[in-house]
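Each chain gets a letter, A, B and so on, in the order its sequence line appears, and its residues count up from 1. Since this is a predicted model, take the numbers as computed values, not measurements.
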Number of protein chains: 2
Amino acid sequence: MEARLTNPPETNRSLPIALLRAREKVMGPIRTMLSDVGVTEQQWRVLRVLNERGTLDPTEIAERSCLLLPSLTRILQTLEGKELITRAPHPTDRRKQLVTITQAGRQLIVDNMEESRRLNAWLKESFGNEKLEQLLDLLNELDTLERT
Amino acid sequence: MEARLTNPPETNRSLPIALLRAREKVMGPIRTMLSDVGVTEQQWRVLRVLNERGTLDPTEIAERSCLLLPSLTRILQTLEGKELITRAPHPTDRRKQLVTITQAGRQLIVDNMEESRRLNAWLKESFGNEKLEQLLDLLNELDTLERT
DNA sequence: CATTTGTACTTAACATGTTAAGCAAATGCG
DNA sequence: CGCATTTGCTTAACATGTTAAGTACAAATG
């Protein structure tokens, strides 16, 4: 079993690729839903964060939506162009901005949240709620690892 | 780190984002390693598939390396330019190609496989081999789901 | 054999991922 | 205060993700 010193491990036991495939499985339907209303998966994440947390600065949006700042800069420009968010200067720190979701942005979330919940329900039913929770626990624990 | 404690549980319980974070955790060190030799994570995946399976056509490479064909087209052009692969016309079907890894490509894999194994060993040690296998099983099972 | 349909890429266009560099404002310090 | 450093965001450059359209060839059909 350990005679693989000259050959790399098979890709189906490769964690990076397994994570990629699982993510594609989960995100595929969501992307389809969102493309119908003209927003990407990342734009949707930003809008949801703003809807849940209220006005935020870009750095905090990036952290909460799991995006890097250069990507977020472009996304905020796009969302502003679509009038789904507004940007205002920070009152005391002129380096910062304050980003707020617009009414149209909130409406977009309302219009798609039901379908989003339906997809989540499908996942729970197909995969099993217990396994789903177990998977989330493992993923979250993995995320806490620190390389020594 | 206290920042984690301030995060709402909902982000930790979102499967797409949890998959994203876990993937970043695992891929970060690998990307660092690969950038030192001038190949990307995706190029590395293609080379490994070719090294494992031998000569393949682009469609099968795409399936096995989890890449879409348009991405793969560009990647193969890049890898050919770096002389890490060669492309030959299919003997009977002139629509197809046959892609083969070069000696330089194999050498690149050899040069990095030890470090790759070291990272995998770190993962097994930090996370636990049993949990790792359990996680892989769950991810692979998730990937088999079909939407009804 | 001619036409239609399908296959195997390829190209295009736009969005994001990723790293590095840039810039203005804020902060730390002598 | 004056200046180096840090912070917050932006831009740039290159690679990939994603969808749609295009092209050449093959296979199926009549």
| request: Please state whether the base of D/dG8 and the side chain of A/R94 form at least one donor-acceptor pair under 3.5 Å? | output: no

Report task. Would you indicate what A/E41 reaches in the nucleic acid, counting non-hydrogen atoms under 4.0 angstrom: base, sugar-phosphate, or nothing? Result -> nothing

Partner of A/D93 under side chain to side chain donor-acceptor pair (under 3.5 Å), picked from A/H90, A/R95, A/K96, A/Q97, is A/R95

Give a yes/no on whether any side-chain N or O of A/T59 is located under 4.0 angstrom from OP1 or OP2 of D/dC9.
yes

Just checking B/R87: base, sugar-phosphate only, or nothing, at a heavy-atom cut-off of under 4.0 Å? sugar-phosphate

On DNA chain C, more 5' by nearest nucleotide between B/G28 and B/S71 is B/S71

Fill in: Joint hydrophobic cluster, B/L68 plus B/L50, side-chain heavy atoms closer than 4.5 Å
no

Looking across every strand, which nucleic acid part, if any, lies under 4.0 Å from B/T32 by heavy atom: base, sugar-phosphate, or nothing?
-> nothing

* Please check if A/L138 and A/L15 belong to a single hydrophobic cluster, counting links between Ile, Leu, Val, Met, Phe, Trp and Tyr side chain heavy atoms closer than 4.5 Å. => yes

Among C/dG17, D/dT16, C/dT19, the one nearest any side-chain atom of A/P70 is C/dT19

So B/I75, base contact, sugar-phosphate only, or nothing? Heavy-atom distance under 4.0 Å.
sugar-phosphate

**Prompt:** NA contact type, A/L67, heavy-atom cut-off 4.0 Å: base, sugar-phosphate, or nothing?
**Reply:** sugar-phosphate

Q.
Can you see if the side chain of A/Q77 gets near the phosphate of C/dA15 - specifically, an N or O under 4.0 Å from OP1 or OP2?
A. no

Q. Are A/T100 and A/T55 linked by a side-chain donor-acceptor pair shorter than 3.5 Å?
A. yes

Against the side chain of A/L69, the closest entry in C/dA13, D/dA24, D/dC9 is D/dC9

Testing D/dA13, C/dA26, D/dC25 for proximity to the side chain of A/D93, the answer is C/dA26

Applying a 4.0 Å non-hydrogen cut-off, can you work out what A/R31 is touching in the nucleic acid: base, sugar-phosphate, or nothing? sugar-phosphate

| request: Using a heavy-atom cut-off of under 4.0 Å over every strand shown, decide if A/T73 touches base, sugar-phosphate, or nothing. | output: base

Of the candidates D/dC9, C/dC9, C/dG17, the side chain of A/Q97 sits closest to D/dC9

